[in-house]
Trainee: 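What follows is a structure written as structure tokens; I'll ask about it next.
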Amino acid sequence: MSRGSRRWAGYLLRRVFTSLLVILGVVTITFVVSRLVPSDPASLYAGARARPEQVEQVRADLNLDAPVLSQYVGYLGDLARGDMGISFATKRPIAEDLRRFLPATLELALSATALAVLLGVPAGVMAASRHRRLSDTGIRLLAVTGVSMPVFWSALILQLVFAAELGWLPLAGRTEATTVFAQPTGMFVIDSLVAGDWGGFVDVSRHLVMPVVVMAAFPLGLTIRLVRGTMLEVLGSDYIEAATVARIPRRTVLWRLALKNALLPALTVLGLTFAYSISSAFLVEAVFGWPGLGKYLTDAIVRVDFPVITAAALAITVIYVLVNLALDLLQARLDPRVELA
Amino acid sequence: MGRDDGRASTPLLRVEDLHVTFNPPTGPVRAVRGVSLELRPGEILGVAGESGCGKSVLFRTLLGLAPASASVRGELHFEGWPMAIDGSLQAVAALIQQNPGAALNPVFTIGQQLRLVAGSDDPVVLGDLLARAGLPEPRRLLGAYPHEFSGGMLQRAVIAMALATRPRLMIADEPTTALDVTTQAQVLDLIDELRRRDGLAVVLISHDVGVIRRICDRVLVLYAGRVAETGATGQVLENPGHPYTRALLAAIPRPETAGVDLAAIAGMVPDGREPIAGCAFAPRCAHFRAECEATIPALRLVQSGHFAACVLVEESP
Ligand SMILES: Nc1ncnc2c1ncn2[C@@H]1O[C@H](COP(=O)(O)OP(=O)(O)O)[C@@H](O)[C@H]1O
Ligand SMILES: [Mg+2]
């Protein structure tokens with residue numbers, strides 16, 4: 001009656017396969033939108049201020065005179081080789097830029113989500129277990145503040161207090177200029193640890209604190225509200241009442257039993273908050289001079305750098321699909337009621 | 001029935017003049033208005049009455065499940081010892097809820113849940129609990145999740161969970177209402193067997209007089225938060241002293257009248273918001289007289305061990 005590992009492996013393969021299909025679909029849509037919909041894709045790609053010879057260059061690069069099918073196959077082949085084209089504004093390979101900027105944003109989003117979950121889940125459980133008492137009200141207030149405080153405002157206050165006034169934390173940036181260590185992942189916290197560069201790790205962490213706190217505020221508030229809500233529902237259920245009457249200690253009931261019930265419906269939203277924080281990072285990155293995807297993309301949008309915009313959209317979509325896949329697998333792993341079909 | 005022989009043994013459980021009042025913002029609701037009862041060792045006490053009469057509130061309060069805002073007063077004695085009225089029964093009693101499908105945690109295996117309650121990891125001990133609840137292949141079932149069980153198996157697993165707390169008495173609140181007829185009979189037989197084999201005392205709450213007739217030694221009929229009638233099952237069902245009990249009996253379908261539309265009792269149970277001066281059943285009673293509204297009728301002796309709270313009962317000397 002337990003979930004057979006063969007059935008599990010089959011489920012995993014099927015889900016990975018459908019995710020790949022979704023990614024292929026998105027790639028195809030990107031292709032259609034960028035090459036077939038515009039009347040003259042070359043001039044669109046080259047940008048509004050491009051000279052005629054630049055437009056012709058793009059036409060040749062993108063193979064736009066060839067039949068559609070061969071264009072499509074070429075496009076897929078390029079992507080498979082990790083070639084996402086050339087930025088028209090900077091003439092740099094886009095894939096290379098993404099490898100530099102995406103990890104910076106991932107580092108922010110992962111840290112912010114971790115902070116939100118590690119603080120938000122216990123806070124939500126505590127609020128629910130003290131329903132309508134003072135600590136519940138306090139935690140709810142915190143949650144409302146978290147979700148309603150605008151990023152630019154909280155960032156400014158933190159910068160004023162902790163950087164300008166107290167001087168405890170650096171105002172902006174990812175590192176001091178002097179920091180050097182190998183960057184295999186591009187996430188400096190990990191890279192500095194891997195390199196065994198303790199000074200670098202402290203420096204990188206100090207730079208990370210304020211942007212992560214600012215970025216975590218919304219998901220933290222959301223997590224608290226979500227977990228508090230699902231937890232209240234679970235605590236009112238028959239099976240929790242039965243566990244209570246059976247004199248299972250309150251702490252066990254809350255943290256070992258009810259929490260699992262309450263987290264399952266919250267999981268999807270938490271995962272999507274993570275994915276969303278990647279595409280919405282630009283404000284935090286702008287305020288803290290963080291060289292991430294948001295900043296890269298904002299620059300591209302301002303310059304109407306179409307190849308970069310397309311590539312970044314594709315990257316973000318792939319991240320969404322992967323996060324969704326991870327959530328589905330986790331859900332199926334934790335919830336025995338999920339059909340592995 | 002044989003068990004109601006008037007021996008002067010200490011009752012397992014004695015409740016004296018229990019009152020439970022809820023205090024919602026809309027004003028107080030008097031759900032239980034002075035109930036006294038006794039449960040003897042190894043006895044099955046049936047608790048009958050229409051929906052909304054206070055059956056669940058009465059026993060859930062004793063188990064500590066009344067909301068903190070409710071006012072509770074009365075006395076509780078367990079084996080002659082006084083105990084706190086609002087929850088100390090939890091230490092010796094188990095609860096079987098009405099809906100077995102909701103009573104087990106859906107994301108843990110039966111074994112995981114049983115382990116927590118029993119405080120033992122030994123699969124022999126855990127399997128034995130399932131076996132006592134009449135589940136076949138108990139060792140294999142330990143790894144199963146609740147959604148893999150049928151309704152009858154679920155209720156057996158719930159009963160196993162209850163047995164794991166080593167209870168002295170079991171409070172079963174409509175344990176068979178959510179089950180089909182065949183499974184109903186099997187679960188009732190299981191409860192009866194637990195009483196016979198382990199000497200477990202049982203409170204069986206049911207609005208279905210047929211269920212009560214089947215296994216209960218004594219019966220307590222509640223109406224609007226008060227005891228309308230109590231006595232040995234045979235006495236009460238064959239010779240009811242209270243018009244409400246008679247109406248309840250008339251409302252159950254029997255084999256010989258199957259198919260005939262048996263009118264439910266006209267009118268509704270008062271909901272505990274308005275004060276009730278006299279007999280709560282008076283507005284619905286066919287034998288209504290002026291004195292019914294004057295004072296709350298006390299329990300009168302119908303025959304040895306059988307009482308009814310109705311002015312019509314001629315007390316035998
Ligand atoms: N938490 C509560 N707040 C207010 N009224 C309640 C509450 N719980 C039960 N009641 C009322 O108490 C009365 C008795 O309910 P209950 O004991 O559940 O009836 P039953 O005999 O069907 O088990 C009903 O009128 C019900 O509406
Ligand atoms: Mg009830």
Side-chain angles (χ1 to χ4, degrees), chain A residues 1-5 7-8 125 128-136 227 230-268 329-341, chain B residues 59-60 62-65 67-69 87-119 137 139-149 154 157-167 170-171 173 178:
Chain A
M1 288 218 175
S2 66
R3 342 203 77 197
S5 51
R7 275 179 65 206
W8 171 256
V125 171
S129 76
R130 292 158 183 280
H131 188 34
R132 301 228 170 102
R133 281 190 272 169
L134 195 62
S135 40
D136 178 26
V227 170
T230 52
M231 194 73 184
L232 276 178
E233 202 169 299
V234 170
L235 289 180
S237 70
D238 279 7
Y239 53 84
I240 293 300
E241 181 181 285
T244 308
V245 177
R247 300 192 306 288
I248 296 176
R250 176 81 173 161
R251 272 181 40 206
T252 312
V253 169
L254 281 179
W255 300 98
R256 260 182 77 188
L257 297 177
L259 181 57
K260 187 172 176 189
N261 303 105
L263 274 187
L264 281 172
L267 216 54
T268 315
L329 294 179
L330 194 63
Q331 192 103 30
R333 204 69 207 163
L334 294 178
D335 190 342
R337 291 162 300 181
V338 172
E339 282 288 336
L340 296 184
Chain B
F59 289 96
R60 291 171 61 83
L62 300 178
L63 287 170
L65 295 174
S69 59
S88 54
L89 200 63
Q90 226 183 63
V92 288
L95 172 68
I96 308 293
Q97 293 158 327
Q98 171 166 352
N99 182 0
L104 294 168
N105 196 316
V107 302
F108 293 94
T109 63
I110 302 294
Q112 287 171 323
Q113 301 184 52
L114 209 49
R115 193 170 302 141
L116 271 183
V117 180
E137 295 189 80
R139 293 287 286 276
R140 191 175 62 87
L141 293 184
L142 288 176
Y145 287 94
H147 73 273
E148 300 170 78
F149 280 35
L154 274 177
V158 168
I159 289 173
M161 218 64 81
L163 295 176
T165 65
R166 290 177 219 94
M170 197 163 84
I171 293 168
D173 193 349

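Computed over heavy atoms, backbone and side chain alike; hydrogens, waters and symmetry mates excluded.
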Trainee: Is it the side chain or the backbone of B:R60 that comes within 4.5 Å of chain A heavy atoms, both, or neither?
Mentor: side chain

Trainee: Among B:Q98, B:Q113, B:Q97, which residue forms the greatest number of heavy-atom pairs with chain A at distances under 4.5 Å?
Mentor: B:Q97

Trainee: With a 4.5 angstrom heavy-atom cut-off, could you sort out which part of B:Q90 is near chain A: side chain, backbone, both or neither?
Mentor: both

Trainee: Quick check for you: to the nearest 0.5 Å, what is the distance between B:F108 atom CZ and A:N261 atom CG?
Mentor: 6.0 Å

Trainee: Roughly how far, to the nearest 0.5 Å, is the CZ atom of A:R256 from the CD atom of B:Q112?
Mentor: 8.5 Å

Trainee: Are there more than 12 heavy atoms of other residues, nucleotides or ligands under 6.0 Å from atom CZ of A:R247?
Mentor: yes

Trainee: Can you tell if the side chain of A:K260 reaches within under 4.5 Å of the side chain of B:N105, non-hydrogen atoms only?
Mentor: no

Trainee: Which pair of non-hydrogen atoms, one from A:D238 and one from B:A102, has the smallest distance, and what is that distance?
Mentor: CB-O, 3.2 Å

Trainee: Measure distances from B:L65 to the heavy atoms of chain A and classify the residue's part below 4.5 Å as side chain, backbone, both or neither.
Mentor: side chain

Trainee: For B:P106 and A:P336, which heavy atoms make the closest approach, and how far apart are they?
Mentor: O-CG, 3.4 Å

Trainee: Which bit of A:I248 comes within less than 4.5 Å of chain B, counting heavy atoms only: side chain, backbone, both or neither?
Mentor: side chain

Trainee: Where is the tightest heavy-atom contact between B:V107 and A:L334, given as atom of each residue plus distance?
Mentor: CB-O, 4.4 Å

Trainee: Out of B:L116, B:V158, B:V117, return the one with the most heavy atom pairs under 4.5 angstrom to chain A.
Mentor: B:L116

